[in-house]
**Q** 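What follows is a structure written as C-alpha cells; I'll ask about it next.
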Amino acid sequence: QVQLVESGGGSVQAGGSLRLSCAASGYTYSRTCVGWFRQAPGKEREGVAVIWPADSSTLYADSVKGRFTISQDNAKNTVYLQMNSLKPEDTAMYYCATYPSNGGWCVLVSPLYNIWGQGTQVTVSS
C-alpha cells in the first residue's frame with residue numbers, strides 16, 4: 001500500500017523554524033516529483049516547494065523563496081521541508097504529495113499529484 005506520512009508540524013512564534021518530514025512507504029521517491037502544499041482556512045491550496053529526487057532539482061513558490069528549503073534522504077525515502085523565518089501568514093495545514101515525473105520538470109500543479117499525505121498543522125504566532 002502506497003502511503004505518505006507527514007510529521008514535524010507545530011506551533012512557533014514568528015521568526016522561528018520548523019522541519020517537516022514526509023516519509024513514503026510502499027514505493028520509492030526516485031522517479032517521482034515530491035511536493036509540499038499548504039492550505040489555510042478559507043484559502044485555496046498553495047504549492048510551496050517541489051523536488052525531483054532523481055537529481056535534487058527544486059522549485060519554490062515566491063512566497064517562501066529564501067526561507068524554506070526542500071531536501072531528500074533517499075536512504076530513508078523521506079523528503080523534508082526546512083522552514084525558517086516563519087511568518088504568521090505561513091500558518092496552514094501542510095501536505096506532501098507525489099506524482100510520476102515522466103522525465104519532465106516537476107511543477108507545483110496540485111491536480112497532477114495523485115498521492116497525498118494526511119497533513120500536518122503549522123501555526124505561527126506574532
Side-chain angles (χ1 to χ4, degrees):
Q1 180 181 358
V2 177
Q3 191 174 14
L4 301 180
V5 179
E6 302 100 331
S7 61
S11 297
V12 296
Q13 290 191 327
S17 299
L18 285 172
R19 189 178 79 156
L20 307 183
S21 300
C22 177
S25 61
Y27 81 112
T28 58
Y29 277 140
S30 62
R31 304 300 293 178
T32 68
C33 298
V34 183
W36 284 96
F37 294 80
R38 65 187 182 186
Q39 188 166 21
K43 295 188 176 181
E44 293 188 354
R45 184 180 297 168
E46 174 190 19
V48 174
V50 60
I51 189 168
W52 186 29
D55 70 357
S56 300
S57 58
T58 59
L59 177 70
Y60 295 92
D62 288 342
S63 58
V64 305
K65 279 181 183 177
R67 300 188 299 122
F68 290 11
T69 303
I70 189 170
S71 63
Q72 71 209 48
D73 184 331
N74 290 337
K76 295 182 178 180
N77 214 28
T78 299
V79 169
Y80 303 97
L81 185 69
Q82 178 67 44
M83 305 186 296
N84 298 330
S85 301
L86 283 161
K87 304 175 181 179
E89 52 263 44
D90 294 317
T91 295
M93 184 71 79
Y94 282 71
Y95 301 89
C96 68
T98 186
Y99 75 97
S101 68
N102 295 320
W105 293 104
C106 293
V107 293
L108 286 167
V109 178
S110 60
L112 293 175
Y113 290 75
N114 58 341
I115 300 172
W116 291 79
Q118 83 288 351
T120 186
Q121 178 68 37
V122 171
T123 302
V124 185
S125 58
S126 57

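Model, not experiment: these values are computed from the prediction.
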**Q** Using side chain to side chain contact (heavy atoms under 4.5 Å, CB included) as the criterion, list what pairs up with S56, not counting sequence neighbours.
**A** Q72
**Q** Is a side-chain N or O of S101 found less than 3.5 angstrom from the main chain of C33, in a donor-acceptor match?
**A**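 Flag not set: sc S101 to bb C33 has no pair under 3.5 Å.
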**Q** Testing the basics here: between V124 and T91, what is the closest heavy-atom pair and its distance to 0.1 Å?
**A** N-OG1, 2.8 Å
**Q** What are the two closest heavy atoms between T58 and I51, and how far apart are they?
**A** CG2-CG1, 3.8 Å
**Q** Would a distance-only check, ignoring hydrogens and angles, find a side-chain to backbone donor-acceptor pair under 3.5 Å from E6 to Q118?
**A**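 Checked: pair present.
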**Q** Judged by atom type as modelled, is there a donor-acceptor pair below 3.5 Å linking the side chain of Y60 to the main-chain atoms of I70?
**A** yes
**Q** Could you tell me if S63 and E89 have a donor-acceptor pair between their side chains, going purely by distance under 3.5 Å?
**A** no
**Q** Taking all non-hydrogen atoms of both residues, which atom of Y99 and which atom of W105 are closest, and how far apart?
**A**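 Nearest heavy atoms, Y99 then W105: OH-O, 3.7 Å.
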**Q** Please report the shortest heavy-atom distance between V107 and L59, naming the atom on each side.
**A**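 Shortest heavy-atom contact: CA-CD2, 4.2 Å.
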**Q** Can you tell me how far the CZ atom of R67 sits from the CG atom of L86, to the nearest 0.5 Å?
**A**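 With rounding to 0.5 Å, CZ (R67) is 6.5 Å from CG (L86).
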**Q** Which heavy atom of S21 sits nearest to which heavy atom of T78, and what is that distance?
**A**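 It is CB-CG2, 4.2 Å.
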**Q** Please find out if less than 6.0 Å separates the ring center of F37 from that of W116.
**A**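 Yes, close enough.
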